[in-house]
Structures are given as structure tokens and as C-alpha cells.
Amino acid sequence: MKGKKMSMTTKILVGLILGVIVGFFFMGSPDIAETYIKPFGTLFLNLIKMIIVPLVLSSLVVGTASVGDVTKLGRIGIKTIVYFLVTTAIAVAIGLILGNVIQPGVGLTLALPEGAEVKAGEIPSIADTLLNIIPTNPIEAMVNANMLQVIAFALFLGIGITMIGEKGKPLYSFFDSLAEVMYSITSIIMQYAPIGVFALMVPVVAENGPKVLLPLLKVVIAVYLGCIIHSIAVYSLSVKIFAGMSPKHFFKGIFEAAMVAFTTSSSSGTLPVTMRNAQENLGVPQSIAAFVLPLGATINMDGTALYQGVCALFIAQIYGVNLTIGQQLTVILSATLASIGTAGVPGAGFIMLTMVLQSVGLPIEASALIAGIDRILDMIRTSINIVGDASCSVVVAATEGELRETEKKPAS
Ligand code: ASP
């Protein structure tokens with residue numbers, strides 16, 4: 001570090017590392033960490049949750065309306081969705097390859113944790129899933145923080161504002177101002193991030209010491225390794241090829257958000273920071289960041305899909321089932337779809353895992369084994385989820401010819 005003042009990224013990193021160290025000390029008495037330290041982390045979580053609904057609504061309305069014409073909006077929309085789907089499918093494939101190579105389940109016989117019972121997540125029909133995207137009462141959608149519905153309403157508002165031209169201006173200005181205010185609140189909240197990150201980390205480490213981790217270490221290694229490979233292979237290449245951006249610049253620029261995602265395990269919760277990093281450090285214009293990132297935080301989950309691929313193989317191996325190539329392709333398809341339906345909140349990917357298992361007829365009980373280590377896996381997969389969103393915003397901005405040069409060194 002050259003400057004005299006520590007950058008915010010460094011401060012958050014220090015908070016994270018200190019959190020791990022202090023967490024080790026509390027391993028014998030996780031209750032103390034839970035009672036006295038966790039509330040400071042919960043405060044951070046609550047602060048960011050506070051602004052999610054108004055932020056997503058206002059930024060997506062502005063993002064949609066500021067594109068200016070509906071044809072361009074369609075083009076950006078299609079690019080975004082295609083990027084999301086392709087990268088997610090690659091992520092599951094990487095998960096499956098690692099599951100085949102590392103074989104995390106071989107040698108482990110099924111021993112469910114005491115009292116563990118896992119119920120299958122209900123699989124809603126495709127018609128229900130699609131119909132549920134449209135809120136019959138948008139206010140209720142906001143009250144319940146149903147993000148997919150809030151997104152749908154915001155898209156309609158944005159398109160409506162675009163279509164009526166002059167008359168839509170006051171509403172546009174209103175949402176524009178609301179979005180700006182939300183960004184400035186984000187800056188205030190981020191001042192507290194190092195403490196929040198520290199306080200979230202301590203209880204996680206205290207509760208998930210080596211005792212829980214070791215038996216399933218291979219699963220943890222496969223998921224972490226997979227996430228690293230996916231970032232290097234997919235994100236580095238796509239920002240380099242489509243945007244001519246050096247991967248180092250990209251990862252440095254999004255590092256702060258990745259750390260917040262790591263500790264909060266929530267893509268939605270990290271959204272304000274992702275948006276800030278993408279605009280300030282990566283040069284993504286507001287209109288594209290405001291369109292791609294809220295959408296991505298809700299439907300694009302590469303890390304989650306990769307984790308589901310690894311876990312499906314792990315569970316098959318525990319039961320001595322050999323998944324055929326056809327079944328593995330089914331896993332790719334169902335994990336891609338499941339990750340779209342996964343909410344950007346902690347633990348959501350685990351619930352959807354049961355759906356993936358069912359798609360190839362694997363018993364879901366074994367996912368109880370995963371439950372013990374899920375938080376550790378959630379941290380890395382959430383980081384990858386939001387880094388994936390950011391890479392999409394860079395690629396879309398670049399292919400639209402709108403990526404700004406960011407001369408300022410990110411995060412300093
Ligand atoms: N926690 C993840 C996220 O917010 C979702 C998951 O559980 O996989 O992106």
C-alpha cells in the first residue's frame with residue numbers, strides 16, 4: 001500500500017482476516033461470539049437490507065428508462081440474459097468436472113447428522129413460476145421484498161416512462177433522485193463495512209471449526225477450486241476479449257463487493273456495493289449497471305450452480321450411483337434453471353439443491369450432510385455470483401460502446 005490512508009478495500013480485508021483469527025479463539029464457546037459479536041454484523045446486514053427495495057426499484061426504473069429506446073433495451077436485455085445463461089451452464093459443467101476428478105464422496109459412507117431431516121423443496125410448475133413474476137399488487141411485492149416481482153414492475157415502469165416521452169420526465173426525475181439518494185446512503189453504510197464484516201465472520205468461524213469442516217473437506221475444496229477456476233477461465237477471458245480490460249483491473253475493481261458478498265452470503269444484500277464498484281472502478285455507465293446488476297443479483301448465480309453440480313456428484317458418489325452423461329446434462333439444465341429461481345439470500349441455493357437432486361432421482365436426505373458446511377460454501381458461491389454479474393455489466397457496456405476508461409486506480 002502506497003498511500004498513507006488505508007483504502008476501504010484494505011480495511012474490509014483486515015476486518016475479514018481479524019474476524020477469522022478472533023473466530024478461532026471463540027471456537028470453544030461459539031455462544032459468546034453469537035451473543036456479543038454477531039449483533040454488530042446483523043446491524044450491517046440490516047442497514048444494507050434497508051435500502052434494497054428502494055434501490056432496486058429506482059435504479060432499475062432509471063436503468064430501463066435511460067436506455068431511451070425500446071429496441072436498444074431489447075438488445076441489452078438479450079445480451080444480458082444470454083451471458084447469464086451461458087456462464088451459468090459453464091459453471092455447472094466445471095462443478096461436474098471437478099466432482100468427477102476430485103470424487104469428494106468416494107470413501108465416505110452416509111452418516112446423517114443426528115436428527116437431520118431434509119424435505120424436498122417443492123418444485124413449482126413452469127407456468128406458476130412465470131406467472132409469479134408478475135405482481136398482482138406491486139406494493140405487496142415491495143413490502144415482501146419479492147425481488148423478481150419488484151424487478152418486473154420496475155421494468156414496466158421504465159418502459160412506460162420511455163414510451164410517453166415528455167410527460168414521463170417528472171417520474172423519471174423522481175426515481176433518478178431516489179436512486180442517487182440510495183447510492184449516497186450506500187456510501188454511508190460502507191463506512192461501517194469493516195466492522196460489520198468482522199462481526200459477521202467471527203461467529204461463522206467459531207461455529208464451523210475444523211470439526212465440521214474436515215470430513216467434508218473435499219467438497220469444500222472442490223467448490224472453492226471450481227469457483228476460482230470459473231473466475232479465471234470465464235470472467236478473465238470475457239472481460240479481456242469483449243472489453244479489452246485486464247483481468248487484474250477487473251478483479252481489483254470488484255474486490256470490495258466480493259468481500260461483502262463473502263461475509264454476508266447475500267447477492268441482494270451486496271447489490272449496493274456491486275453497483276458502486278462497477279460504476280466507480282470498472283467504468284460501467286449508470287444506465288447499464290442499473291439494468292444488469294439488480295437483474296443479475298436475482299437471477300444470475302454461477303457460484304450457486306457450480307456448487308449444485310459438485311454436490312450432485314458428491315451425493316451420487318456417497319450412494320455409489322454412477323451418473324450417466326445424460327444425467328449429468330440433466331444436472332446442468334436443472335442447476336441452471338434452479339440458480340435462476342434462487343433468491344439472492346443466504347442459504348437459498350441449498351434449498352434449490354434438493355430440486356437438482358430430484359431431477360436425476362438422487363435421494364435428498366444426503367443433502368443434510370451438506371447442511372453442516374453450507375455456510376462455508378455459501379460465502380464463496382455468493383462472491384462468484386456477484387463477480388459474474390459485474391463481468392456481465394462490463395461486457396454489455398463494452399459491446400454497446402459505453403464502457404468508460406477508468407484511469408483512477410480502483411479501490412484507492
Ligand atoms: N447466497 C447466495 C446468493 O445470495 C444464493 C445461494 O444460497 O446460493 O447469491
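Each residue takes its place number in the sequence, starting with 1. Order of appearance sets the numbers: ligands from 1, and atoms from 1 within every ligand.
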Contacting atoms of ligand 1, where contact means under 4.0 angstrom from a heavy atom of S265: 1 (N), 4 (O)
Ligand 1-proximal atoms of S267, by part, heavy-atom distance under 4.0 Å: both
For G347, the ligand 1 atoms whose distance to one of its heavy atoms is below 4.0 Å: 7 (O)
Which residue and heavy atom of the protein sit nearest atom 1 (N) of ligand 1, plus the separation: D378 OD1, 2.8 Å
S29 side chain to I32 backbone, donor-acceptor under 3.5 Å: no
Geometric N/O contact F350 with ligand 1, under 3.5 angstrom: no
CZ (F40) with more than 12 external heavy atoms under 6.0 Å: no
Flag, side chain of S177 to backbone of S173, donor-acceptor distance under 3.5 Å: no
Ligand 1 versus I386: contacting region, heavy-atom distance under 4.0 Å: neither
Set of residues satisfying ring-ring contact (aromatic ring centres under 6.0 Å, His included) with respect to Y235, sequence neighbours excluded: H230
N or O pair under 3.5 Å between T304 and ligand 1: yes
Heavy-atom pair of closest approach, residues V273 and A257: CG1-CA, 3.8 Å
Proximity to ligand 1 by part of M301, non-hydrogen separation under 4.0 Å: side chain
Numbering as shown, the atoms of ligand 1 that approach A348 to under 4.0 Å (heavy-atom distance): 7 (O)
Exam field: side chain D176 to backbone Y172, donor-acceptor pair closer than 3.5 Å: no
Ligand-side contact atoms (ligand 1) for residue partner G349, heavy atom cut-off under 4.0 Å: 6 (C), 7 (O), 8 (O)
Check ion pair E400-R75 (N to O, under 4.0 angstrom): yes
Where ligand 1 meets S266 - atom numbers and elements under 4.0 angstrom, heavy-atom basis: 4 (O)
Shortest protein contact, atom 2 (C) of ligand 1 (heavy atom only): T382 OG1, 3.3 Å
K38 bridged to D31 by N-O distance under 4.0 Å: no
